[in-house]
Student: 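The structure is given below, and queries will be raised subsequently.
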Amino acid sequence: MKLLVLNGVNLNMLGKRDSTHYGTLTLAELNKEIKNYAKSKGIKTVFRQSNCEGRLVYYLQKCKADGVILNAGAYTHYSYALRDCIADMSVDVVEVHLSDVYNREEFRKTDVLHDVVKAVYYGEKKYSYFRAVDYFATKGE
Ligand code: DQA
């Protein structure tokens, strides 16, 4: 099994963002940890990041992986373009957030993706991604 781990807007800045919410890992360090965790479950990973909504749609439309772990960043809260794209996908998309989006500013409680993805894991920093890997590792068991 191969997973696309797709990070959206501002996630390239991890390591410099508010560590209370996002932890201290850079995106490269986070990706390495996800890669190793997935490998321990026999799952391959490919990583992409973009700050551009259209580029994220492109990666999803061109996805050749068996599933997607998506942290869309702030696009989560208002991107109907990403929502429509995910709704048309034939592979499972699991949404993740490093921070606890339900215990922050009010606007973060709006998630326009939540009902077109298979699951949402949030508030556990890197472990939110690990839980998403677990979703695919145990799928079909
Ligand atoms: C985030 C939460 C979003 O609200 C925020 O805009 C981000 C990161 C997270 O991983 O916690 O950029 O998706």
Side-chain angles (χ1 to χ4, degrees), residues 1-140:
M1 180 187 282
K2 187 165 85 179
L3 298 178
L4 168 65
V5 181
L6 183 57
N7 280 293
V9 61
N10 290 315
L11 288 155
N12 57 313
M13 297 305 286
L14 287 179
K16 292 186 177 140
R17 298 186 74 183
D18 184 342
S19 60
T20 316
H21 293 303
Y22 303 121
T24 54
L25 297 179
T26 64
L27 183 59
E29 289 165 345
L30 175 66
N31 286 348
K32 198 172 172 191
E33 296 226 14
I34 297 164
K35 183 181 178 168
N36 289 338
Y37 185 75
K39 200 174 169 190
S40 76
K41 308 267 170 187
I43 297 174
K44 293 189 182 114
T45 40
V46 53
F47 297 88
R48 297 283 182 272
Q49 186 274 332
S50 180
N51 292 322
C52 303
E53 189 181 24
R55 192 77 189 164
L56 295 170
V57 168
Y58 172 85
Y59 285 136
L60 290 171
Q61 289 179 349
K62 296 283 172 200
C63 174
K64 290 199 170 65
D66 305 298
V68 180
I69 297 174
L70 172 67
N71 184 348
Y75 291 138
T76 305
H77 311 301
Y78 63 92
S79 176
Y80 297 113
L82 279 174
R83 181 196 162 86
D84 283 351
C85 176
I86 294 164
D88 288 341
M89 288 184 69
S90 53
V91 299
D92 288 1
V93 178
V94 171
E95 176 186 338
V96 297
H97 300 285
L98 294 152
S99 67
D100 181 356
V101 283
Y102 292 99
N103 278 300
R104 297 183 60 190
E105 302 93 328
E106 204 58 29
F107 75 88
R108 294 188 206 275
K109 292 182 185 157
T110 301
D111 179 349
V112 301
L113 310 180
H114 81 277
D115 56 337
V116 292
V117 297
K118 296 294 177 192
V120 186
Y121 301 103
Y122 61 92
E124 298 185 71
K125 301 201 172 72
K126 71 177 180 185
Y127 298 101
S128 302
Y129 290 78
F130 289 8
R131 297 292 80 82
V133 171
D134 290 342
Y135 167 92
F136 289 103
T138 58
K139 201 186 139 191

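In each ligand, atom 1 is the first atom listed, and ligand 1 is the first ligand listed.
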Student: More than 12 non-hydrogen atoms from neighbouring residues, nucleotides or ligands closer than 6.0 Å to OH on Y122, yes or no?
Tutor: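 It does not: Y122 OH has 12 such atoms or fewer within range.
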
Student: If only atom types and distance count, is the side chain of Y129 paired as donor or acceptor with the main-chain N or O of E124 below 3.5 Å?
Tutor: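 No; zero donor-acceptor contacts below 3.5 Å.
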
Student: With sequence neighbours left out, which residue pairs that include part of residues 76-88 fulfil the salt bridge (Lys or Arg N to Asp or Glu O under 4.0 Å) condition?
Tutor: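 Qualifying pairs, neighbours excluded: R83-D115.
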
Student: Could you pull out every N or O of ligand 1 that sits under 3.5 Å from a protein N or O, with the distance for each pair?
Tutor:
from	atom 1	to	atom 2	distance (Å)
ligand 1	4 (O)	H77	NE2	2.7
ligand 1	4 (O)	R108	NH1	2.7
ligand 1	6 (O)	A74	N	3.2
ligand 1	6 (O)	R108	NH1	3.1
ligand 1	10 (O)	N71	ND2	2.8
ligand 1	10 (O)	L98	N	2.8
ligand 1	11 (O)	L98	N	3.3
ligand 1	11 (O)	S99	N	2.9
ligand 1	11 (O)	S99	OG	2.6
ligand 1	12 (O)	R17	NH1	3.0
ligand 1	12 (O)	R17	NH2	3.1
ligand 1	13 (O)	N71	OD1	2.8
ligand 1	13 (O)	H97	ND1	2.8

Student: Output all residues satisfying salt bridge (charged side-chain N to carboxylate O under 4.0 Å, His left out) with D92, sequence neighbours left out; order by chain, then residue number.
Tutor: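 If we apply the salt bridge (charged side-chain N to carboxylate O under 4.0 Å, His left out) test to D92, skipping adjacent residues, the hits are K139.
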
Student: Does OH in Y135 sit with more than 12 non-hydrogen atoms of other residues, nucleotides or ligands closer than 6.0 Å?
Tutor: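 For Y135, atom OH is crowded (more than 12 foreign heavy atoms under 6.0 Å).
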
Student: Tell me every residue that passes side-chain contact (heavy atoms from CB on, under 4.5 Å) with K16, counting only those two or more places apart in sequence or in another chain.
Tutor: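 side-chain contact (heavy atoms from CB on, under 4.5 Å) list for K16, sorted by chain: M13.
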
